[in-house]
Number of protein chains: 2
Amino acid sequence: MLALSKNILAPALKKLEQRSVLSEADRAAFLGMPFNIKSMSASNYIIREQDLTKHCCVLLSGFAFRSKIVGNGARQILSVHIPGEVLDLQHAFLGIADHSIQMLSSGNVAFVPAEAVHEIAVAHPAIGRAMWLETLAESSIFREWIANIGRRNALSRVAHLLCEIAVRLHSAGLIDGTRYELPMTQEQLADATGLTTVHVNRMLQKLRCDGLITRDKRAITIGNWKALSGVADFNPDYLHLNGALSQNFASSEGRLYRVRPGDDLSLA
Amino acid sequence: MLALSKNILAPALKKLEQRSVLSEADRAAFLGMPFNIKSMSASNYIIREQDLTKHCCVLLSGFAFRSKIVGNGARQILSVHIPGEVLDLQHAFLGIADHSIQMLSSGNVAFVPAEAVHEIAVAHPAIGRAMWLETLAESSIFREWIANIGRRNALSRVAHLLCEIAVRLHSAGLIDGTRYELPMTQEQLADATGLTTVHVNRMLQKLRCDGLITRDKRAITIGNWKALSGVADFNPDYLHLNGALSQNFASSEGRLYRVRPGDDLSLA
DNA sequence: CGAACTTTTGACAAGCATCAACACGTGTGG
DNA sequence: CCACACGTGTTGATGCTTGTCAAAAGTTCG
């Protein structure tokens with residue numbers, strides 16, 4: 001399908017503008033990038049590991065996820081993406097895909113030629129900077145996932161994922177209350193948290209029994225944010241959203257430094 | 001200490017040029033950035049979580065690591081850095097530190113004011129692009145760590161870390177043979193792999209007994225690269241190094257897609 | 001209505017954590 | 001120069017968290 005409207009990319013632009021200031025010319029240039037739209041269904045591949053990448057993708061609607069398969073055949077989900085996110089600045093620049101991206105649900109994806117992205121980044125430094133910022137914020141999410149999987153127990157890991165998605169959807173203006181659609185099976189939740197399906201099932205049951213969430217079909221309702229974010233050890237700072245949000249969603253306890261014997265506490 | 005020489009930043013420049021083409025003017029501008037050098041000792045903090053960041057750091061000598069402390073007091077190491085690496089493009093742009101960076105060994109760090117980095121990125125788009133590329137490559141490493149911690153067993157995780165450091169040191173021209181200094185205690189290896197000190201100790205013993213490595217003091221010698229990278233399920237593609245290296249260091253088996261029932265294999 | 005997913009359950013096993021103690025090396029101060 | 005403290009590495013006993021396997025119940029969709 002060929003691009004018809006100039007406003008198709010608007011949700012992605014809006015996302016960039018949450019973190020950066022752009023001029024009218026920048027906006028026009030961004031919305032004017034060429035693209036193709038593809039309608040995709042659940043589990044379709046947007047990009048496969050080892051593909052040579054020639055475009056950059058914008059998730060116009062629906063959810064998607066990145067994943068890698070390790071040697072023993074196990075899959076690890078690396079991130080979950082919500083509508084409006086730019087998926088592939090990485091691949092467009094690095095040339096070869098080091099992981100796959102698939103749809104979680106059906107939705108539409110805009111494919112922008114990589115050169116168009118390169119050009120706009122040079123011609124409009126503010127856009128280049130904004131895109132760079134997006135990749136930095138995404139990096140921060142990867143780091144939190146490392147900590148989540150490496151150092152939290154199963155219950156916290158699952159709760160943390162649910163908190164993250166809730167806050168990101170909220171920040172994108174895609175939900176209002178405490179209920180949201182999360183089109184992930186328990187197997188996918190397991191692959192995202194480094195657990196097994198069976199164990200995720202038990203953890204979800206525990207969260208339900210304790211009244212922290214309810215889940216019917218693929219919709220999550222958070223029954224008690226404070227308790228859930230507490231169990232999750234969730235602190236939204238790592239999402240680098242602006243201002244007010246962070247206050248509302250922080251779990252009560254702040255992060256502290258763990259001082260170990262031998263740590264030199266000086267700054268230089 | 002104040003900057004005296006124009007060539008202090010050369011190692012970082014060399015690193016950027018491994019992935020990007022820069023003009024003579026770009027190079028001069030990069031080397032001409034203002035900076036302060038600080039001599040730091042092991043476990044000194046370069047940056048602490050929640051600091052407001054006003055500079056970007058270049059690790060001139062010595063090793064460093066990023067880490068986060070989670071709610072129960074456990075520490076997760078997020079990455080390990082070798083001499084010559086630019087540590088902090090992230091923090092310089094996001095403004096507030098979402099994790100800490102500490103020295104692993106003693107060494108020198110150059111602190112470049114964040115504005116100088118911003119300005120050079122705009123004035124010299126090629127440098128901006130090169131730095132962006134670095135952050136993308138680093139992102140890819142974070143993703144591999146998520147997969148490593150989430151989906152590999154303890155033995156593979158430890159072996160994988162040892163392989164990664166070896167290849168990165170090799171690529172930076174810092175080692176030649178199969179032996180290298182890795183100034184990490186077993187506790188730090190544990191925090192990097194999401195394990196406990198005791199278990200890391202046992203895994204290292206296993207690697208030693210099987211003749212894959214030897215370790216004396218803080219030096220690692222790889223006795224059998226093929227076997228080690230096999231155990232580690234190590235494939236250096238994710239490091240996005242150029243060309244030849246990848247061939248030499250790949251473990252024998254390629255990565256495949258794991259097809260699950262319901263996966264739609266079409267590309268669109 | 002049947003086939004293919006997905007969720008749930010139970011019994012059991014295993015990998016890794018926990019705890020505690022000891023060994024070893026190194027630097028330091030009495 | 002030795003004694004000592006301290007960080008680090010090593011070991012063994014034990015137990016818990018999470019994984020594995022298998023089967024049944026529920027759900028979705030053609």
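Every chain is numbered from 1, with letters handed out A, B, ... down the list of sequences.
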Contact state string [nucleotides 23-30 of chain D, B base, S sugar-phosphate only, - no protein heavy atom under 4.0 Å]: -----S--
Contact state string [nucleotides 16-21 of chain C, B base, S sugar-phosphate only, - no protein heavy atom under 4.0 Å]: BSBB--
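Scanning all heavy atoms of the two residues, the minimum distance from A:Ala64 to A:Leu87 falls at CB-CD1, 4.4 Å. Of all heavy-atom pairs spanning A:Leu161 and A:Met184, the tightest one is CD2-CE, 4.5 Å. Across every non-hydrogen atom of B:Ile77 and B:Gln188, the tightest pair is CD1-O, 3.5 Å. In this structure, B:Tyr180 and B:Ile165 approach most closely via the heavy-atom pair CE1-CG2, 3.6 Å.
More than 12 heavy atoms of other residues, nucleotides or ligands shown are found within 6.0 angstrom of CG on A:Asp216.
In this entry the distance linking NZ of A:Lys206 with P of C:dT8 reads 16 Å, nearest Å. The interatomic distance linking B:Gln186 (CD) with C:dC24 (P) rounds to 15 Å, in whole Å. Atoms CD (B:Glu187) and P (D:dT10) sit 14 Å apart, rounded to a whole Å. Here C:dG15 presents its C1' atom at 17 Å from CD1 of B:Ile149, a figure rounded to the nearest Å. Rounded to an integer number of Å, the gap from CD of B:Gln205 to C1' of C:dA23 is 13 Å. Note: CE (A:Met184) to P (C:dC5) measures 19 Å, nearest angstrom.
Ion pairing between a basic and an acidic side chain is recognised when a charged N comes within 4.0 Å of a carboxylate O; B:Glu85 and B:Lys15 show such pairing. In summary, B:Glu138 and B:Arg66 engage in a salt bridge, as defined by a charged side-chain N under 4.0 Å from a carboxylate O.
Between B:Asn201 and D:dT10, a side-chain N or O to OP1/OP2 separation shorter than 4.0 Å is present. OP1 or OP2 of C:dT7 has at least one side-chain nitrogen or oxygen of A:Arg215 nearer than 4.0 Å. A close approach under 4.0 Å does occur between a side-chain nitrogen or oxygen of A:Arg208 and OP1 or OP2 of C:dT8.
With hydrogens and angles left out, the side-chain atoms of B:Glu144 and A:His99 include no donor and acceptor closer than 3.5 Å.
A donor-acceptor pair is defined here as one N or O able to donate and one able to accept, closer than 3.5 Å; no such pair exists between the side chain of A:Asp210 and the backbone of A:Leu207.
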